[in-house]
**Student:** 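Please find one structure pasted underneath; my questions will follow.
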Amino acid sequence: MTRIGIILGSTRPGRNGEAVAHWVHQVAARRTDAEFELVDLLDYKLPHLDEALPPSLGQYTQPHTMAWAGKIASFDGFVMVTPEYNHSTSGALKNAIDFLYGEWNNKAVGFVSYGSVGGTRAVEHLRLIAGELQMADVRAQVALSLFTDFKDFSVFTPSEFQLDSLTAMLDQVVAWSRALAPLRTR
């Protein structure tokens, strides 16, 4: 069965992303075409990148890197839930991505973003990163506005149409993850 990791890309206290990631997981878990697992960066306690060699060599030495690599390697594709901070993604998510290389290759990725303008600028940066990591980023995206999808900027209340956006994105991530499977078996 195709396995998709839903990565909660914020570690900030009081983060809005926790409610968003749980919503994504609840919707995804009702599907029968893939297995979905919520992956919270808080559970991995990754410091700032502390590997001496480039991740592209795959010669990890730190226990936290090996645990993170094992988790990411276990998936066929991903949904990244990201806030937008200063026109980009969170430092915690960028750092977690930078720890690895081969574990990301030939896998699909979709994005759920949130912020004052829906987090779209964060996703634009993540799409560039995905290309460098040989990931296939899907077109469909969920862009949640702090003004319309959160009450008082903190209580998650997604607009009804966001469910259609999420479904379209999940459809694409599952389809692309399956299509890329032969590349991952080499």
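As a basis for the values below, the full set of heavy atoms in this structure was taken, side chains included, without hydrogen atoms, waters or symmetry mates.
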**Student:** Any luck finding a side-chain donor-acceptor pair between Thr89 and Thr82 under 3.5 Å?
**Tutor:** yes
**Student:** If you look at every heavy atom in Leu180 and Ala108, which pair is closest and at what distance?
**Tutor:** CD1-N, 3.8 Å
**Student:** Scan residues 78-87 for pairs that pass salt bridge (Lys or Arg N to Asp or Glu O under 4.0 Å), counting only residues two or more places apart or in two chains.
**Tutor:** Glu84-Arg121
**Student:** Tell me, which pairs form a salt bridge (Lys or Arg N to Asp or Glu O under 4.0 Å) where one or both residues lie in residues 106-119, sequence neighbours left out?
**Tutor:** none
**Student:** Return yes if some donor-acceptor pair links the side-chain N/O of Gln162 with the main-chain N/O of Ala143 below 3.5 Å, else return no.
**Tutor:**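 Judged by distance alone, yes, a pair lies under 3.5 Å.
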**Student:** What pairs meet the ring pair (Phe, Tyr, Trp, His ring centres under 6.0 Å) rule with one or both residues in residues 30-67, with sequence neighbours excluded?
**Tutor:**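 The answer is Tyr44-Trp68, His64-Phe99.
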**Student:** Without swapping roles, check the side chain of Asn16 against the backbone of Phe153 for a donor-acceptor pair under 3.5 Å.
**Tutor:** yes
**Student:** Strictly by salt bridge (Lys or Arg N to Asp or Glu O under 4.0 Å), give each pair with a member in residues 162-181 just once, sequence neighbours left out.
**Tutor:** Arg31-Asp171
**Student:** Does any N or O in the side chain of Arg3 come within less than 3.5 Å of the main-chain N or O of Asp76, such that one atom is a donor and the other an acceptor?
**Tutor:**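 No, Arg3 side chain to Asp76 backbone: no donor-acceptor pair under 3.5 Å.
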**Student:** Side chain to side chain contact (heavy atoms under 4.5 Å, CB included) with Glu160: which residues, sequence neighbours excluded?
**Tutor:** none
**Student:** So which heavy atom on Pro83 is nearest to which on Ala122, and how close?
**Tutor:** O-CB, 3.5 Å
**Student:** Check whether any side-chain heavy atom of Gln141 lies under 4.5 Å from a side-chain heavy atom of Thr120, and answer yes or no.
**Tutor:** yes
**Student:** Going hydrophobic residue to hydrophobic residue with side-chain gaps under 4.5 angstrom, can you get from Trp176 over to Leu166?
**Tutor:** yes
**Student:** Would a single hydrophobic cluster contain both Tyr85 and Ile129, if residues Ile, Leu, Val, Met, Phe, Trp and Tyr are joined by side-chain heavy-atom contacts under 4.5 Å?
**Tutor:**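 Ile129 does not cluster with Tyr85.
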**Student:** Is Ser113 reaching over with its side chain to a backbone N or O of Val123, donor-acceptor style, under 3.5 angstrom?
**Tutor:** no
**Student:** CG/Asn106 to OG/Ser177 distance, rounded to the nearest 0.5 angstrom?
**Tutor:** 11.0 Å
**Student:** Output the distance between atom CG (Leu133) and atom CG (Leu100), rounded to the nearest 0.5 Å.
**Tutor:**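 Here the rounded value is 9.0 Å.
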**Student:** Per the ring pair (Phe, Tyr, Trp, His ring centres under 6.0 Å) rule, what does the pair list look like for residues 1-34, sequence neighbours excluded?
**Tutor:**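 Only Trp23-Phe156 qualify under ring pair (Phe, Tyr, Trp, His ring centres under 6.0 Å).
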**Student:** My understanding is that only residues two or more places apart in sequence, or in another chain, count here; which of them pass side chain to side chain contact (heavy atoms under 4.5 Å, CB included) with Ser145?
**Tutor:**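 For Ser145 the side chain to side chain contact (heavy atoms under 4.5 Å, CB included) partners, ignoring immediate neighbours, are Phe147, Thr148, Asp149.
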**Student:** From Leu49 CG over to Lys94 NZ, what is the distance, rounded to the nearest 0.5 angstrom?
**Tutor:**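 With rounding to 0.5 Å, CG (Leu49) is 9.0 Å from NZ (Lys94).
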**Student:** Considering only residues two or more places apart or on different chains, which pairs with a residue in residues 38-51 satisfy salt bridge (Lys or Arg N to Asp or Glu O under 4.0 Å)?
**Tutor:** Arg15-Asp40
**Student:** Can you list everything that forms a side chain to side chain contact (heavy atoms under 4.5 Å, CB included) with Leu163? Sequence neighbours excluded, please.
**Tutor:**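 Checked Leu163 against side chain to side chain contact (heavy atoms under 4.5 Å, CB included); matches are Val27, Thr167.
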**Student:** For Ala34 versus Ile4, what's the shortest heavy-atom pair and its separation?
**Tutor:**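 Closest heavy-atom pair between Ala34 and Ile4: CB-CG1, 4.2 Å.
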**Student:** Could I get the full list of ring-ring contact (aromatic ring centres under 6.0 Å, His included) partners for Trp104, not counting sequence neighbours?
**Tutor:** Phe78
**Student:** Could you list all the ring pair (Phe, Tyr, Trp, His ring centres under 6.0 Å) pairs where at least one residue sits in residues 107-133, not counting sequence neighbours?
**Tutor:** none
**Student:** Counting only N and O atoms by type, is there a donor-acceptor contact under 3.5 Å from the side chain of Asp33 to the main-chain atoms of Val174?
**Tutor:** no
**Student:** Would you say Phe150 and Val142 are hydrophobically clustered, going by side-chain heavy atoms of ILVMFWY under 4.5 Å?
**Tutor:**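 Yes, one cluster joins them.
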**Student:** I need the minimum non-hydrogen distance between Ala179 and Pro182, along with the two atoms involved.
**Tutor:**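 Residues Ala179 and Pro182, closest heavy atoms: O-CD, 3.3 Å.
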**Student:** Rounded to the nearest 0.5 Å, what separation is found between the CG atom of Leu146 and the OG atom of Ser154?
**Tutor:**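 Rounded to the nearest 0.5 Å, the CG-OG separation comes to 9.5 Å.
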**Student:** How many angstroms lie between atom CE of Met80 and atom CG of Leu41, to the nearest 0.5 angstrom?
**Tutor:** 9.0 Å
**Student:** With sequence neighbours excluded, tell me which residues meet side chain to side chain contact (heavy atoms under 4.5 Å, CB included) with Pro63.
**Tutor:** none
**Student:** Taking the side chain from Gln172 and the backbone from Ala140, do they hold a donor-acceptor pair closer than 3.5 Å?
**Tutor:** yes
**Student:** Between Val24 and Val79, is any pair of side-chain heavy atoms under 4.5 Å apart?
**Tutor:**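 Sidechains of Val79 and Val24: in contact.
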**Student:** Are Leu126 and Leu46 joined in one hydrophobic group, where the rule is that I, L, V, M, F, W and Y side chains link up if heavy atoms are under 4.5 Å apart?
**Tutor:**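 Same cluster.
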**Student:** Which heavy-atom pair separates Asp137 from Ala130 by the least distance, and what is that distance?
**Tutor:** CB-CB, 4.5 Å
**Student:** Going by side chain to side chain contact (heavy atoms under 4.5 Å, CB included), Ile7 matches just one of Val81, Leu38, Leu93. Which one?
**Tutor:**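 Option passing the side chain to side chain contact (heavy atoms under 4.5 Å, CB included) with Ile7: Leu93.
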**Student:** Heavy atoms, side chains only, cut-off 4.5 Å: are Val20 and Val112 in contact?
**Tutor:**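 A side-chain contact exists here, since the closest heavy-atom pair is under 4.5 Å.
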**Student:** Please determine if Glu37 and Lys71 form a salt bridge, counting it only when a charged side-chain N lies under 4.0 Å from a carboxylate O.
**Tutor:** yes
**Student:** Are Met66 and Ile72 joined in one hydrophobic group, where the rule is that I, L, V, M, F, W and Y side chains link up if heavy atoms are under 4.5 Å apart?
**Tutor:** yes
